[in-house]
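Working notes, beginning with the structure itself.
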Amino acid sequence: MIPLQNDRFLRALLRQEVDRTPVWMMRQAGRYLPEYKATRARAGSFMNLCTNPDLACEVTLQPLDRFPLDAAILFSDILTIPDAMGLRLRFAEGEGPIFDNPVRSAADVAALPVPDPEQELRYVIDAVRTIRRELQGRVPLIGFSGSPWTLATYMVEGGTTKEYARVKGMLFDRPDLLHQLLTTTAEAVIHYLNAQIAAGAQAVMIFDTWGGILTPRDYREFSLRYMAQIVERLQREAEGRRVPVILFTKGGGAWLEEMAATGADALGVDWTLNLKEARQRVGSQVALQGNMDPTVLYASPERIRAEVATILESYGKGSGHVFNLGHGIHQHVDPEHAAAFVEAVHELSQPYHRSS
């Protein structure tokens with residue numbers, strides 16, 4: 001086992017002292033980097049890129065070679081699980097993900113298998129192993145999955161949507177059927193994340209991208225309930241140290257206290273919530289990750305630096321903060337602006353930590 005050269009990300013998630021605030025970016029391996037575009041072109045398609053462990057490793061490491069980030073995140077897609085369930089995922093140019101076999105009926109739900117991560121999702125687990133080997137202990141590796149609710153929205157809608165008509169129709173008319181779908185999907189996520197941890201993921205994150213479209217009642221019943229089940233059944237220790245779990249509900253600021261009560265180690269926070277307020281609400285129960293508006297990266301490096309300073313001041317002194325964007329980095333951002341962002345976090349955060 002190669003010891004970690006930089007563990008401040010893991011320490012911050014566990015609210016332990018660090019010398020400066022760790023930083024990484026959601027979607028840090030992606031289309032804003034020219035080297036990613038070159039690898040994607042070599043792969044021939046997005047799915048080819050996702051299903052090739054060596055290429056997935058290559059793009060995972062690209063941002064680390066360019067920026068002094070404090071964590072790597074597995075390059076994959078949240079829709080790997082539904083694809084492995086037989087929904088046949090494809091990506092249409094300009095349309096986003098499409099499932100050829102969406103889940104619409106009771107028979108469709110009943111037929112869904114729970115994929116074996118070492119079989120149907122072996123390419124993801126092999127990518128985790130490859131990345132851990134190639135990282136050589138530089139920084140920790142984050143594994144991830146979509147939340148059951150978020151996965152279900154894509155599975156029922158058959159792709160992206162602005163109205164959520166089919167999945168919310170199922171929620172209101174056939175809640176029993178939606179619960180059956182979410183139960184199967186949660187079981188798949190548990191197996192998937194535990195397999196990533198066994199393969200070498202040192203922290204895991206659950207992306208609840210669409211939880212924020214629900215009413216408070218429905219969020220608790222159809223999203224949070226299943227994320228809590230996942231957190232409870234995850235392998236929380238590996239290689240002699242704790243494996244932190246991060247929950248992130250986009251637009252979920254109203255439910256921070258309830259999310260913290262799941263037993264997760266950290267909560268992702270988007271830019272619609274003030275970090276000072278979030279910290280006051282959850283106290284020392286969980287760490288917080290976030291929360292700069294990704295569009296700030298279109299501004300000048302000076303403005304980016306000023307925004308970083310504002311967010312650091314909002315969180316205040318002490319441990320328990322992982323700096324990140326409030327959602328994924330946009331594809332047209334100048335990489336030099338991302339570099340200015342990372343540099344500003346590392347430089348400006350030092351006075352907020354006692355050990356600096």
Side-chain angles (χ1 to χ4, degrees), residues 2 4-10 12 18-43 46 48-50 52-77 127-128 130-144 200-203 205 268 289-309 311-312 322-350:
I2 300 173
L4 268 174
Q5 300 159 32
N6 171 2
D7 69 348
R8 71 171 63 90
F9 167 73
L10 297 179
V18 290
D19 58 337
R20 62 191 186 191
T21 303
V23 57
W24 69 280
M25 296 177 287
M26 287 187 274
R27 292 190 191 141
Q28 64 189 22
R31 295 177 291 176
Y32 73 107
L33 292 176
E35 53 267 42
Y36 168 88
K37 294 175 185 175
T39 307
R40 162 70 174 76
R42 282 200 348 258
F46 180 76
N48 286 348
L49 185 55
C50 284
N52 184 313
D54 290 329
L55 293 181
C57 175
E58 182 177 317
V59 295
T60 297
L61 299 183
Q62 284 170 350
L64 298 175
D65 294 335
R66 189 185 270 264
F67 315 118
L69 296 156
D70 293 296
I73 184 165
L74 164 71
F75 179 81
S76 187
D77 192 270
V128 172
T130 303
I131 295 162
R132 268 300 302 274
R133 183 184 70 238
E134 296 303 316
L135 273 172
Q136 292 289 301
R138 289 162 64 183
V139 293
L141 174 62
I142 307 165
F144 72 92
Q202 291 147 296
M205 183 163 170
Q289 177 177 277
N291 66 333
M292 195 171 86
D293 185 335
T295 58
V296 174
L297 294 180
Y298 288 120
S300 67
E302 294 76 20
R303 183 66 185 85
I304 293 167
R305 184 180 177 87
E307 191 70 11
V308 167
I311 292 169
L312 288 169
V322 171
F323 213 117
N324 206 316
L325 306 175
H327 202 241
I329 187 170
H330 295 185
Q331 66 169 306
H332 300 299
V333 164
D334 184 339
E336 291 305 311
H337 288 207
F341 163 64
V342 174
E343 179 184 344
V345 174
H346 280 162
E347 181 184 339
L348 298 178
S349 67
Q350 293 181 42

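Hydrogens, waters and symmetry mates play no part in the numbers below; they use all other heavy atoms, side chains included.
Considering CG of Leu141 and CZ of Arg132, their distance stands at 7.0 Å, rounded to 0.5 Å. Rounding to the nearest 0.5 Å gives a distance of 8.0 Å between CG of Asn52 and CG of Asn48. Here Arg27 contributes atom CZ and Ile329 contributes atom CD1; the two are 10.0 Å apart, rounded to the nearest 0.5 Å. The CG atom of Leu69 sits 9.5 Å away from atom CZ of Arg138, with the distance rounded to the nearest 0.5 Å. The line from CD of Gln202 to CG of Leu4 is 5.0 Å long, rounded to the nearest 0.5 Å. Atom CG of Leu135 and atom OG1 of Thr130 lie 11.0 Å apart (nearest 0.5 Å).
A search for side-chain hydrogen bond (donor to acceptor under 3.5 Å, both in side chains) contacts involving Gln28 returns nothing, not counting sequence neighbours. Among residues two or more places apart in sequence or in another chain, the ring-ring contact (aromatic ring centres under 6.0 Å, His included) test is passed with Phe67 by none. Residues passing the ring-ring contact (aromatic ring centres under 6.0 Å, His included) test with Tyr32: none are found, sequence neighbours excluded.
Shown here for Ala71 and Leu64, the closest heavy-atom pair between the two residues is O-CD2, 3.6 Å. Contact detail for Ala127 and Leu74: the closest heavy-atom pair is CB-CD1, 4.0 Å. Of all non-hydrogen atoms in Val128 and Ala201, the two that sit nearest each other are CG1-N, 3.7 Å. Shortest non-hydrogen contact noted between Ala12 and Pro22 is CB-CG, 3.5 Å. Between Val59 and Ala56, the closest heavy-atom pair is CG2-O, 3.4 Å.
Sorted by first and then second residue, the pairs that involve residues 29-43 and meet salt bridge (charged side-chain N to carboxylate O under 4.0 Å, His left out), not counting sequence neighbours, are Glu35-Arg66, Arg42-Glu58. Residue pairs meeting the side chain to side chain donor-acceptor pair (under 3.5 Å) criterion with at least one partner in residues 322-344, sequence neighbours excluded, are Tyr298-His330.
Inter-residue side-chain proximity for Ile131 and Phe75 is flagged as unmet; no heavy-atom pair is nearer than 4.5 Å.
Exactly one residue among Ile311, Leu348, Leu312 makes a side-chain contact (heavy atoms from CB on, under 4.5 Å) with Thr21. That residue is Leu312.
Of the possible donor and acceptor atoms, none in the side chain of Asn6 sits under 3.5 Å from a partner among the backbone N and O of Val139. For Asp70 (side chain) and Val23 (main-chain N/O), a donor-acceptor pair under 3.5 Å exists by modelled atom type.
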message: Using the rule given for side chain to side chain contact (heavy atoms under 4.5 Å, CB included), can you reason through His346 versus Phe323, listing the C-alpha separation, both sets of side-chain angles and the distance that settles it, and then say yes or no?
response: CA-CA 10 Å; His346 280 162; Phe323 213 117; over 6 Å; no
List the atom pairs, with distances to 0.1 Å, where a side-chain N or O of residues 301-308 and a protein N or O form a donor-acceptor pair under 3.5 Å, not counting sequence neighbours.
unit_1: Glu302; atom_1: OE1; unit_2: Ser300; atom_2: OG; d: 3.4
unit_1: Arg303; atom_1: NH1; unit_2: Glu307; atom_2: OE1; d: 3.1
unit_1: Arg303; atom_1: NH2; unit_2: Glu307; atom_2: OE1; d: 3.1
unit_1: Arg305; atom_1: NH1; unit_2: Glu347; atom_2: OE1; d: 3.3
unit_1: Arg305; atom_1: NH2; unit_2: Glu347; atom_2: OE2; d: 2.9

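Judged purely by distance below 3.5 Å, without hydrogens or angles, the side chains of Gln62 and Thr39 pair a donor atom with an acceptor atom.
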